[in-house]
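What follows is a set of notes on a single structure, which appears directly below.
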Amino acid sequence: MSLIQVINPNTSLAMTETIGQAARAVAAPGTEILAVSPSQGVPSIEGHFDEAIAAIGVLEQIKLGRAQGVSGHVIACFGDPGLLAARELASGPVIGIAEAAMHTATLLATRFSIVTTLPRTLVIARHLLQQYGFTHHCAALHAIDLPVLALEDGSGLAQEKVRQRCIQAKREDGSGAIVLGCGGMATLAGELTQELGLPVIDGVSAAVKMVESLVALGFGTSKHGDLAWPLQKPLSGAFQHLN
Ligand SMILES: NC(=O)NC1=NC(=O)NC1=O
């Protein structure tokens, strides 16, 4: 049995539930999913400030997950907040949902589109495309112009906006695949793939399968070089628990 920790970096438990549901839907029979979110932080992540706050919560959860013996970790926010810092702190693999979805898209199509939430988060997705080397694979980025938590308000409006944007992206972008740009969209991918007739990729499920594969291959995060354990120094105040 292997235990994979799936971290919703925001503090909205309904979204943690959505993310956990998507992760469990694809987990292998021998995999248990531990869906968690920080005890304190930001209710939704919609910009650079939110990402900075969320990153501390990610590190707390990585440390807790290690203590619980998890075999790997998923960071289930499309900004992949705290990814490299989390890899320093982790022994198992740590996969962000943006990198997982982007990698998956490039294996299925020559170009992909991204559909995310607020326009101000588009630059975060652009930065990740550059960081991961996928700028030339991404044909277009779209924002539904609704806040992240609109995905959890029960109205279905955000889900319908995602659907309409995916239809538009298929019609206009010349992409062969679409990446859903928010952890809260995780449960929409299957139906949209069926309806649109092209891969609509959710990073949560993609990341869970990547962690399973890396663990099955016997790999953990490299501890040689810049992702070695953090240098030991006395962390003070609110950060003492990260020592
Ligand atoms: N682009 C996004 O919507 N990012 C996100 N903010 C969250 O709180 N979760 C996400 O996936």
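Atoms within a ligand are numbered from 1 in the order they appear, just like the ligands themselves.
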*His136 atom NE2, neighbour heavy-atom count above 12 within 6.0 Å*: no
*Taking only heavy atoms of Gly183 into account, list the atoms of ligand 1 that are under 4.0 Å away from them.*
10 (C), 11 (O)
*Under 4.0 Å from ligand 1, counting heavy atoms only, is it the side chain of Ile45, its backbone, both or neither?*
both
*asked:* Between Glu99 and Arg87, does any NZ, NE, NH1 or NH2 come within less than 4.0 Å of an OD or OE carboxylate oxygen?
replied: yes
_Is it the case that over 12 heavy atoms from other parts of the model lie below 6.0 angstrom from the CD atom of Gln164?_
yes
*For atom 10 (C) of ligand 1, which candidate among Ser37, Cys77, Ala98 provides the closest heavy atom?*
Cys77
*Interfacing atoms of ligand 1 (cut-off 4.0 Å, heavy-atom, Thr117)*: 1 (N), 2 (C), 3 (O)
*With a 4.0 Å cut-off on heavy atoms, does Ser44 reach ligand 1?*
yes
_Under 3.5 Å: N/O of Phe78 near N/O of ligand 1_ = yes
_Does the plane of the ring in Tyr132 sit parallel, tilted or perpendicular to the ring in His103? Use 30° and 60° as the thresholds._
tilted
*Atoms of ligand 1 less than 4.0 Å from Asn10 heavy atoms?*
7 (C), 8 (O), 9 (N)
*In terms of side-chain geometry, is the basic nitrogen of Glu160 or Arg163 positioned less than 4.0 Å from the acidic oxygen of its partner?*
yes
*asked:* Heavy-atom count check: over 12 atoms from other residues, nucleotides or ligands less than 6.0 Å from Gln130 CD?
replied: yes
*Under a 4.5 Å cut-off applied to non-hydrogen side-chain atoms, are Val74 and Ile7 in contact?*
no
_Please determine whether any non-hydrogen atom of Gly181 lies less than 4.0 Å from an atom of ligand 1._
yes
*asked:* Any nitrogen or oxygen of Glu46 lying under 3.5 Å from a nitrogen or oxygen in ligand 1? Just yes or no.
replied: no
